[in-house]
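Just so we're clear, the structure is a prediction, and the values are computed from it rather than from any experiment.
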Amino acid sequence: MSSLFQHFRVHQIFGANTNVGKTILTTALVRASAQRGKNVFYLKPVSTGPLTDADDLHVNRYTEKLGKPIHSECLLRYDEPVSPHLAVKLKGGISGDFAPPSDSTFISSIANRIKTHAVSSSKPSHMYVETAGGVHSPSISGTSQADCYRPLFLPTILIGDSKLGGISSTISSYESLLLRGYIIDAVLLFRDEYYQNAEYLKPYFAERGIFVSSVNPPPVQLLNPSEDFISTDRYYTSITSSEGEESIGVVVDHLDTCHTTRLQELESMPGRAFDTIWWPFVQHGLVAREKDVTVIDSAYSDFFSITNKGLFSPSSKQSILEPQYDGSASWWTQTLGHAHPALTLAAAKASGRYGHVMFPQSVHLPALKLAERLVHDGPGKGWANRAFISDNGSTGMEVALKMALRAFTVRHQQDLKKEEKKGLGILGLKGSYHGDTIGAMDACEEGVYTCEWHNAKGFWFDPPTVGITDGEVFINVPASLASFSESRSVLAESLSWVYEVENRLQTPLARAYALYITRALEALKQRGGPKLAALVLEPLVMGAGGMLFVDPLFQRVLIDTVRGRRSGSSSKWSGLPVIFDEVFVGLNRIGMESTGPLLGVYPDISVNAKILTGGLLPLAVTLASKSIFEAFLGDSKAEALLHGHSYTAHPIGCEVANETLALIDKLSTSEDWLAAHASWAKPDGQESAVWSLWDPNFIKAISKLPQVKETMTLGSVLSIKVQDELAGYTSHSAQELFRSLNLTSQDDGEMSTAPGGAPFGMHFRTLGDVAYFMTSLNTSSTVIRSIEDKIWKTLTTST
C-alpha cells in the first residue's frame, strides 16, 4: 500500500492461467524498459520447479547482452514443479519440518525489496513483480494470490489466455482482480490466428477503459539449446524493437503514462476537493488549502493508504504513499477491516442476482435471512417480533420513534387531546445523539449537533458515568444527583463489579438513583413539562456525546422506574415504550451482541446499524416487540407504519449483513478474543461480563498519567479524557495532545504492523477533550499492542 514512487514505476504481473506466457511477456517488458534507458528490476516472489526452468534465470539469460544490468531475483524457491502451497507441503511444511513464512511476512519481504531498489535508484526505473500460475492460484500459505498480494496494492498487468477457453479465463481473472480493487493498467496476450481471442478481448476491454495489446507468440522450442537461444532472442528483439501498435514498447509507454497520470491526480486532489466538497463535521474556515486535506488512495485491513504531501518532489526517493491506521474505524463502521473480500463478494452476489428491488409486501432471501437472524437468534432474541429494515442509523431511529409514539398514542388516545399528540416528548440522557436527521435531533436536547429548526421535545437526565482514574474504577455522580448520593465519586470494587447490574440493585446507590429519577419526573409533571411518550437510551456508551460510559445501574433503574416494574419478560410494554439506540454499541462493538442481557432488561424497540454491514455500505434494522407492531394493525392504511425509502431493505446491504454476522460468529471463538476475555477476568479468575481488546495493564498505566483525567474501555473502544479546564466538544485539547500520532514514525522499523511492514501514522477523531480509538472486531492483538505503544509514547513524551 505504500509502494508508489515518483521515479520508480512498479507493476505486478498476474496471469489468467498457467502457461499463458507470463514470463515471456514479462521478459519482453523488461527488455523494452531497458531499451528506453531505464534501470530495470525483476522479482519473482516464489518459484517452483527445477532451477534450470526458473523464471528469474530466464529473464537474466535474455537480457544479458543488452549491455544494461538487469536486477533479477527470486525470494523463495521450491524444487517441486507444483503450486507453491503444495511445494511447501512437500518440503515438510505440514509436518513441521519446514515452516513457510506467513502471508504478512511474505508481503513485507516484497515491499522491502521494492523500497530498497527504489531508494538505491538514481534515475527513472521500472520494476516488474511476476506472480505464479493464475490469479487464484494458491500462495505459499494456501491463500489465493489475488488476496495474498492485495496489501501491496501494486498496479497490475494481466496476461490473457490466447488458447481455447482463454476468453472466459481472461475475463474471469479480470473480474476477480477488479472485485478486489486492483488497478489494472493493461491486458497483454499472444495473437492466435485460429482462436482469435485478442480480437474479441480488445473491444471488450476497450469499453471498460482497459488498454489491450497482443503480440506474436514465441517460436517453437528447439532441441538444440544454442539454436533455441538464438531463435528466442530474435523473437524478443522483434517484439520489443519495433515502434508499431503491436510492440511491447508501446505497452511500456502506456504504463509510464498510467504512472504519471496517477501521480498527477493524487497531487491535484487536495486542491480540487477544497474547491468542490463540503465536508461533514468540518469547519472549513480552519482548513488550509493543501496541507490539511488527507488523500486516501486505498484502504486495506485497518489501514488507509494516504499521500505524503511533502514527497511529490521529483528529487524524492521515498514512497508518496504511506499507511495510516484508521483509528476511528471510519466513524465506527469498520467491523472486519477495509476491503474484506468476503463482504465484497457478498455485495457482488446480491448485486448480480437482484440489483435493487422494491420491498413493500415483497420478500427476497437476503432480507428474510437477516430478519430471522436478528429477531430469533440475535439482539432481538427473547423479546423482538418484527424487523423493519431501512438504510442508515438515523433513519432507523426515526422509524423507532414513530413506532414508540404511535404505540403510546394508541394506548392513551382517550386521554390525549389532538394538540397534545403533537407535543409528545422523549425521556433520555444528556449527551444523547441519535443521528442528524431533524426528527432524530428533536429527540435530543439542544447541543452542538442541532440546528435552527431543532425543537427539543422531552426531558434529559444528567447521567452518572464510569471511568478509570489513577488505576481505579470510579462511578462519577453528576451535581444534579449530589443530594441523593453520599459521594460525587464512588470507588468501585472492579470494572466487572460495575457491570454486575443485578447484584447492585439493592445498593444505596441504586436507591439514590430511583429516588432522584422519581422526584425529577414528578417535578416535571407538576410544572407542566412535556408529556413523555418514550424512553430513548444509548445503552452503556453514548458515543457522539463524548464517549460517555454511563453507569449501567442508572440505566437499569431508569427503565424499571418508567415501566413501573422490575425486570422480567412481558408481552406488552408498560409505562413508556423503551428504545435502545444500539447503532454504535450493538453487534459486539463494545464486546456484546446486545446490551439487554447485561442490563437484565430488554427494550420494546431497538436499532442496529454501522457494524451490521461491516463498514461496506449503509443499512439499519429497527427491531420491535409484538405489542409495538400491533399498534399499527387495523383496517385502514392510514394506521400502518407509513415510512419507507426507495432503497428499503436493499438486497446488497442485506446480503453483506448476513455475511458480516456469520464472520462475527466465527470471531467469538478466535484466539485473540479468547485471550482478551482471559486478560479481563475477575480478580478471582472467573470470566467477566465485560472485556476489551485493549490491554488492561495499558489502560491502568495511562490512567495514572498527569495529563489524563480518566480513561475507559469496552470491547473495541478506548476513550481517553484529557485534563482540560475548558472541557467540552469545542475544545481542541485532545486534538493537540495527540497530534503527533498523525505523523509517520520511522522508529517503527521492523516492528511495524502495517501492510508491507512500513512505518505508519494514525488517523483518529476527537470529541473536544476526549480522544477515542477504535479497532475493527478482527484487528490482531499485534496491531493493537503496536497502537498502544504509539499512544503511550505520545503521552509520555508530552509530559
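Asp635 is linked by a salt bridge (charged side-chain N to carboxylate O under 4.0 Å, His left out) to nothing, counting only residues two or more places apart in sequence or in another chain. With sequence neighbours left out, Arg262 forms a salt bridge (charged side-chain N to carboxylate O under 4.0 Å, His left out) with Asp297. For the salt bridge (charged side-chain N to carboxylate O under 4.0 Å, His left out) test, no residue two or more places apart in sequence or in another chain qualifies with Asp185. Every residue two or more places apart in sequence or in another chain was checked for a ring pair (Phe, Tyr, Trp, His ring centres under 6.0 Å) with Trp460, and none qualifies.
A side-chain donor-acceptor contact under 3.5 Å links His356 to the backbone of Ser646. In this structure a side-chain-to-backbone donor-acceptor pair under 3.5 Å is missing from Glu659 to Ala346. Within the 3.5 Å criterion, the main-chain N or O of Asn778 finds no donor-acceptor partner in the side chain of Ser776. The backbone N or O of Gly166 lies less than 3.5 Å from a partner atom in the side chain of Thr170, making a donor-acceptor pair. A side-chain donor-acceptor contact under 3.5 Å links His650 to the backbone of Pro618. Looking at Thr766, its side chain never comes within 3.5 Å of a backbone N or O of Phe764 through a donor-acceptor pair. Without hydrogens or angle criteria, Ser144 side chain to Ala146 main chain gives a donor-acceptor distance under 3.5 Å. Ser137 places a side-chain N or O within 3.5 Å of a backbone atom of Gly134 that can act as its donor or acceptor partner.
Using the six-membered ring where Trp is involved, Trp332 and Phe584 have ring planes that are tilted, between 30° and 60° apart. Taking the six-membered ring where the residue is Trp, Phe274 and His284 present tilted rings, their angle falling between 30° and 60°. Between Tyr182 and Phe14, the ring-plane angle classifies as perpendicular under the 30° and 60° cut-offs.
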Exercise for the section: Please step through ring-ring contact (aromatic ring centres under 6.0 Å, His included) for the pair Trp331 and Phe281, ending with a clear verdict. Expected result: CA-CA 12 Å; Trp331 264 352; Phe281 287 92; 5.6 Å; yes
Problem - From CA spacing to verdict: side-chain contact (heavy atoms from CB on, under 4.5 Å), Ile389, Cys654 - result: CA-CA 9 Å; Ile389 309 173; Cys654 293; 4.3 Å; yes
Exercise for the section: Let me see the working for Ile306 and His763 under side-chain contact (heavy atoms from CB on, under 4.5 Å), right down to the final yes or no. Expected result: CA-CA 10 Å; Ile306 67 169; His763 179 275; over 6 Å; no
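Salt bridge Glu538/Arg589: absent, no basic N to carboxylate O contact under 4.0 Å.
If you check the side chains of Asp147 and Thr143, you find no donor sitting under 3.5 Å from an acceptor. Remark: the Thr779 side chain and the Asp302 side chain contain an N/O donor-acceptor pair separated by less than 3.5 Å.
Note that the CG atom of Leu587 and the CG atom of Asn608 stand 4.0 Å from one another [nearest 0.5 Å]. To the nearest 0.5 Å, atoms OG1 (Thr333) and CG (Leu616) are separated by 9.5 Å. Within the model, atoms OG of Ser716 and CG of Leu693 stand 6.5 Å from one another, a figure rounded to the nearest 0.5 Å. Going from atom CZ of Phe408 over to atom CH2 of Trp573 covers 6.0 Å, rounded to the nearest 0.5 Å.
Exactly one residue among Asp581, Leu623, Val621 makes a side chain to side chain contact (heavy atoms under 4.5 Å, CB included) with Ser606. That residue is Leu623. When each of Leu612, Ile652, Asp391 is paired with Leu617, the side chain to side chain contact (heavy atoms under 4.5 Å, CB included) condition holds for Ile652 and for no other.
Residues Thr775 and Tyr325 meet the side-chain proximity criterion, which asks for heavy atoms closer than 4.5 Å. Counting only heavy atoms from C-beta outward, the side chains of Leu598 and Leu540 approach each other to under 4.5 Å.
Within the structure, the side-chain hydrogen bond (donor to acceptor under 3.5 Å, both in side chains) test picks out no pair touching residues 414-424 (sequence neighbours left out). Sorted by first then second residue, the ring pair (Phe, Tyr, Trp, His ring centres under 6.0 Å) pairs that include residues 618-642, not counting sequence neighbours, number zero.
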